Amino acid sequence: MDNFKIDAVPSLSLAFLGDAVYAVHIREHLIRNKPYLKPDALHREANKLVSARAQADALHFLRRTGVLSEEEWDIARKARNKSSATRAKNASIKEYRNASGLEALIGHLALAENEQRITELMAHIIKNGSERQ
């Protein structure tokens, strides 16, 4: 692992990891704030924040409000411009690519072991998503 270089990891692989990390943060938030919900209701609530459309909106929110550094935006921007053979069921290609950009950023931060920054970004995303519902 000494030779591991985050910058050598393909964007779509970062997004693969970021998707899982993102989902865990959302699920943990829901359970901490709505422990009374049954699993099917938790799943529906999580999907509102984990969908490609919600993630694309979150990326735009973070960029628009100046929360992202230029380096973070560059990671997300590069990833959203990569093509993928798959597409979300209920999202446009543009939304899916923007969501992949956010997931790649989260994946990059996870591999960099920057949990504090992930937590900060997720707090902004959750707050914004909760206000929009």
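Atoms considered below: every heavy atom in the structure, side chains included; atoms not considered: hydrogens, waters and symmetry mates. Source: prediction; values computed, not measured.
Heavy-atom minimum distance, Ala110 versus Val21: CB-CG2, 4.1 Å. Of all non-hydrogen atoms in Ser100 and Ala15, the two that sit nearest each other are O-CB, 3.7 Å. Minimum interatomic distance between Ala79 and Ala104 (heavy atoms only, all atoms of both residues): CB-CB, 3.3 Å.
Within the model, atoms CG of Leu109 and CG of Leu17 stand 10.0 Å from one another, a figure rounded to the nearest 0.5 Å. Here Ser69 contributes atom OG and Ile75 contributes atom CD1; the two are 7.0 Å apart, rounded to the nearest 0.5 Å. The CZ atom of Arg80 lies 5.0 Å from the CG atom of Asn98; values are rounded to the nearest 0.5 Å. The distance from the CE atom of Met122 to the NE2 atom of His29 is 9.0 Å, given to the nearest 0.5 Å.
Note on Asp57 versus Arg53: no salt bridge recorded, every NZ/NE/NH1/NH2 to OD/OE distance being 4.0 Å or above.
The backbone N or O of His124 lies less than 3.5 Å from no partner atom in the side chain of Asn128, so there is not a single donor-acceptor pair.
Within the 4.5 Å cutoff, the side chain of Gln55 has no heavy atoms near those of the Leu59 side chain. Side-chain contact between Leu105 and Leu14 is absent, with no heavy-atom pair separated by less than 4.5 Å. Side-chain contact between Ile125 and Leu102 is present, with at least one heavy-atom pair separated by less than 4.5 Å. Using a 4.5 Å heavy-atom threshold, the side chains of Leu68 and Leu121 count as touching.
A salt bridge (Lys or Arg N to Asp or Glu O under 4.0 Å) check over residues 105-119, counting only residues at least two apart or in different chains, returns the pairs Glu72-Arg117, Arg117-Glu120. Judged as a salt bridge (Lys or Arg N to Asp or Glu O under 4.0 Å), the pairs with a partner in residues 7-31 (not counting sequence neighbours) are, in order, Glu28-Arg32.
Side chains of Asn47 and His43: a donor on one and an acceptor on the other come within 3.5 Å.
Summarising the local packing, CZ of Phe61 is surrounded by more than 12 heavy atoms from other residues, nucleotides or ligands at distances under 6.0 Å.
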Inset, instruction - Decide side-chain contact (heavy atoms from CB on, under 4.5 Å) for His25 and Thr119; before the verdict, give the C-alpha distance in whole Å, the side-chain angles of both, and the deciding distance to 0.1 Å. - result: CA-CA 8 Å; His25 275 267; Thr119 301; 3.8 Å; yes
Legend entry - side-chain contact (heavy atoms from CB on, under 4.5 Å) evaluation trace for Trp73 with Leu62: CA-CA 9 Å; Trp73 172 244; Leu62 294 173; over 6 Å; no
Inset, instruction - Please assess Arg63 against Glu70 for the test salt bridge (Lys or Arg N to Asp or Glu O under 4.0 Å), listing each intermediate value before the final yes or no. - result: CA-CA 9 Å; Arg63 176 70 172 158; Glu70 283 303 314; 3.2 Å; yes
Inset, instruction - Please report the C-alpha distance between Ile118 and Tyr22 in whole Å, then the side-chain angles of each, then the deciding distance to 0.1 Å, and finally whether the side-chain contact (heavy atoms from CB on, under 4.5 Å) criterion is met. - result: CA-CA 9 Å; Ile118 294 170; Tyr22 189 97; over 6 Å; no
Legend entry - Stepwise salt bridge (Lys or Arg N to Asp or Glu O under 4.0 Å) check, Lys78 with Asp74: CA-CA 6 Å; Lys78 286 177 184 174; Asp74 197 45; 3.2 Å; yes
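If you chain together hydrophobic residues whose side chains sit under 4.5 Å apart, Ile126 and Val24 never meet in one group.
A side chain to side chain contact (heavy atoms under 4.5 Å, CB included) with Leu37 is found for exactly one of Ile31, Leu30, Leu42, namely Leu42.
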